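Working notes, structure below.
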Protein chains: 2
Amino acid sequence: MASRSYGQYCGVTTAVELIGERWAMLIVRDLLVGPRRYTDLKQGLPKIPTNILSTRLKELQEGGVVRRAPLYRTGLVYELTDYGRELEPIVLALGRWGFRQMGEPGPDDVVTADSLTMALRTAFRADAAAGLPAADYEVHVGEVALRVQVDGEHLRIAQLAPPAPPVGGRLPTGEADLVFAAGPGIRRLISGELTPAEAIAQDVLAVVSGRADLLEGFASTFHIDSPAAVPAAAA
Amino acid sequence: MASRSYGQYCGVTTAVELIGERWAMLIVRDLLVGPRRYTDLKQGLPKIPTNILSTRLKELQEGGVVRRAPLYRTGLVYELTDYGRELEPIVLALGRWGFRQMGEPGPDDVVTADSLTMALRTAFRADAAAGLPAADYEVHVGEVALRVQVDGEHLRIAQLAPPAPPVGGRLPTGEADLVFAAGPGIRRLISGELTPAEAIAQDVLAVVSGRADLLEGFASTFHIDSPAAVPAAAA
DNA sequence: CCGGATCCGAATCGATACTG
DNA sequence: CAGTATCGATTCGGATCCGG
C-alpha cells in the first residue's frame, strides 16, 4: 500500500495519490454529471474491469472524494462529496486541454452519455452564449441522445434514454428547436475545423428536424480552439 | 500499447492518456518550474525508477507535452512545449485541491525544491499580496532554500543551491528582509491552522534573521483555506 | 438485474545493475 | 550525464462466479 506513495510532501503529489490512479479521474468525470449506481458506472466505462471499479470506489471513499448513499429503499448510488465536487473546474480544464490533442477515434472508441455531457460542458462558451437567443437542441451522437438547453449563460444538459424510459429526472417537455445527429466527427465542428455547412456536406452531421440555421449558434456556443499547432514530436 | 487506451473518444480521456500515467504529472510539475536535465528530474523525484522516468519522458514527447532541447555545447534539457505549459493552471489547481487533504508527512516523505516552489505558487494570493508592501523572504524547509520575492501581484521564486560546498560559499543571502526555517509543518501555517506566533511557539518554524513581523505578511500572502471538514470516510 | 468478489494470465512498475 | 537491461513484485484486464 505504501508502494503507492510518491514519497513527497506536496499538494500535487497528494492530489495524484487521491485521483491519479488509472480510471479514477474518469469515475470522477462521470460522477460530476450526477450520482451513479455501480452498474451505471460500469456501463459508462465499458472497458473498466469490475474489480478495478470496486477498488477505485473504495479508494475514492477513503480519500473523501466519493460517498456512498442509499437510493430509495433498496439501491445504492455513489456521489461526489463537496470536496470531490471541487474537482469540477479541474476536470473541465483537463477536458479542454485534452480535446485539443484528440485525433480521430480509434475503431473501438465509444462516446458515452456522461463523457459527451462533460465534453459539452468543457466546450461551453458562456460569453458567446450570452450574446445569442436561448436555444434548445437535441443532440445525437452514436447511441447517445442529449437535450441541450442554452439560455444566456446558463447551460442545462439532460440525457435522453434511448433504449429505456427515463429514470427519475424530469425530462424537458416539448420539442427541441433543432434536432441533429452526428458521429465522433462532431469534434471537428467544435474545434472550428469545419463550419456547420461543411460538416453537413461532409456527412459528419445531419439535421433531423428543426431549424438548421441554429447550427451556427451551436457551433459558437460550444467551441474549443485548436491551437495553431499541437504537433506530436518527431523522433 | 493499445492496452493503455480507455476506449473512449473524449477530451478528459485523452488528457489522462497523455499525463495520467504514474509519475507523469509530477514530471510536469517540476518542468513547470523550469527546464530540467534528466539528472535533475531524477533528483527531484527521488523515488522514480530511472526506466520509468525514461519511458515517461518519451511518452510526454510523443504527446507533444515535453520537448528535448540542447543545452550549451553539451548537455540536454527537457522542457515543456507551449502546449505542455498550458497545464500550469491545472497543476496549480490540483496542488491547491490536494493540499487540503494533506495529513502529516510520512517518515520517508521529502520536500524538494521544485515541489516547494510549486506549492508556494499554488498558495500565492495575488489579491492579498497586492495590499501589502513588497517583501523579500528566504525560506528554508529541510534541505531546500528558496528566495521568495513578492512585489504587488508579482511573485518570483529562486532556488538557492543548498548543498553548498564548504561553509564559506555564501549565496546571495543576507539581503532578504526575513530569513526563516521550517519543517513540513509549514503546511499548518499556510492552512491557517497556526498563526505565525503559534508556529514559532510550537517550533515548526524559526526565524533565522530579519524582521520577524513580516511573517504575518507571508502567512496572508501564501494561504490555502482548509475546508470546514474534509473527512476521510469511515469504513 | 444489482453489487460486487475471486481467480489467473498479461502488462506495468520498482529496484538495482550496468553501459556509452 | 543520460540513459538501457534485467528481473521479481504489483497491478491491471478479462472472465467467471456468487449472494441478495
Side-chain angles (χ1 to χ4, degrees), chain A residues 1-8 13 16-17 19-27 30-31 35-62 66-79 106 108 110 161 163-165 167-168 235, chain B residues 1-8 13 16-17 19-27 30-31 35-62 66-79 108 235:
Chain A
M1 286 294 170
S3 69
R4 297 214 352 221
S5 168
Y6 290 96
Q8 305 200 351
T13 307
V16 302
E17 284 172 359
I19 53 162
E21 294 294 308
R22 204 162 159 71
W23 293 103
M25 192 81 85
L26 301 184
I27 293 171
D30 283 9
L31 291 180
R36 291 288 181 265
R37 288 182 304 183
Y38 189 90
T39 318
D40 299 331
L41 290 169
K42 202 163 65 165
Q43 274 213 320
L45 273 1
K47 295 187 62 174
I48 195 174
T50 170
N51 57 337
I52 298 292
L53 177 55
S54 174
T55 302
R56 290 294 170 270
L57 286 170
K58 268 175 218 149
E59 292 164 353
L60 290 170
Q61 284 173 79
E62 280 174 40
V66 161
R67 168 177 46 216
R68 266 176 121 181
L71 179 66
Y72 311 127
R73 180 158 301 281
T74 175
L76 187 58
V77 288
Y78 292 90
E79 62 187 11
D108 294 348
V110 298
V167 195
Chain B
M1 284 295 172
S3 69
R4 296 206 1 215
S5 167
Y6 291 97
Q8 303 200 352
T13 307
V16 303
E17 284 172 358
I19 53 160
E21 294 293 307
R22 205 162 159 71
W23 293 103
M25 192 81 85
L26 301 185
I27 294 172
D30 284 8
L31 291 180
R36 290 288 181 265
R37 288 179 305 182
Y38 189 91
T39 319
D40 299 332
L41 290 168
K42 202 162 66 162
Q43 274 213 321
L45 271 4
K47 295 187 59 174
I48 195 174
T50 173
N51 58 337
I52 297 293
L53 176 56
S54 174
T55 303
R56 290 293 170 272
L57 286 171
K58 269 175 216 149
E59 293 165 352
L60 290 170
Q61 285 173 79
E62 280 174 40
V66 162
R67 167 177 44 216
R68 259 170 141 214
L71 179 66
Y72 311 129
R73 180 159 304 280
T74 175
L76 188 57
V77 288
Y78 292 90
E79 63 187 10
D108 294 348

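These numbers come from the heavy atoms of this one structure, side chains and all, not from hydrogens, waters or symmetry mates. Note on naming: letters A, B, ... go to the chains in the order of the sequence lines (proteins, then strands), and numbering restarts at 1 for each one. Predicted model, so just to flag it, every value in this text is computed and none were measured.
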Q.
Counting the atoms with a prime plus P, OP1 and OP2 as sugar-phosphate, which does A:L53 contact under 4.0 Å by heavy atoms, base, sugar-phosphate, or nothing?
A. nothing

TODO: Would you tell me if any nitrogen or oxygen in the side chain of B:S54 comes within less than 4.0 Å of OP1 or OP2 on D:dT4?
DONE: yes

The residue, A:L57 or A:N51, whose nearest nucleotide of DNA chain C is more 5′ is A:L57

note: B:K47, atom NZ; C:dT16, atom C1'; distance rounded to Å ~ 15 Å

**Asked** Would you say a side-chain N or O of A:K42 is under 4.0 Å from OP1 or OP2 of C:dC1?
**Response** no

Ranking B:E59 and B:T50 by the position along DNA chain C of their nearest nucleotide, the one closer to 5' is B:E59

**Q.** Side-chain N or O of B:R4 closer than 4.0 Å to phosphate OP1/OP2 of C:dT12
**A.** no

Between A:Y38 and the options A:V77, A:L76, A:T50, the side chain to side chain contact (heavy atoms under 4.5 Å, CB included) test singles out A:T50

Between D:dC12 and B:Y6, is there an OP1 or OP2 to side-chain N/O distance shorter than 4.0 Å?
no

Between CD of B:Q43 and C1' of D:dA2 the distance, given in whole Å, is 14 Å

From the candidates C:dG3, C:dC13, D:dG3, the one with an atom nearest any side-chain atom of B:I52 is C:dC13

Closest to the side chain of A:R37, out of D:dA2, C:dG3, D:dG14, is C:dG3

- Task: Look at A:R22 and D:dC12 and indicate whether a side-chain polar atom (N or O) is within less than 4.0 Å of OP1 or OP2.
- Result: no

Review point. So does A:W23 get a side-chain nitrogen or oxygen closer than 4.0 Å to the phosphate oxygens (OP1/OP2) of D:dG13?
Key: yes

Heavy atoms of A:E17 and A:G7 approach each other most closely as OE2-N, 4.4 Å

inquiry  = Categorize B:L76 for me: base, sugar-phosphate, or nothing, with a 4.0 angstrom heavy-atom threshold over every strand shown.
reply    = sugar-phosphate

Against the side chain of B:Y78, the closest entry in C:dC13, D:dG3, C:dA15 is D:dG3

Per salt bridge (charged side-chain N to carboxylate O under 4.0 Å, His left out), A:D40 is matched among A:R36, A:R37, A:K42 by A:R37

Could you tell me whether the side chain of A:R56 and the main chain of A:R22 form a donor-acceptor pair under 3.5 Å? yes

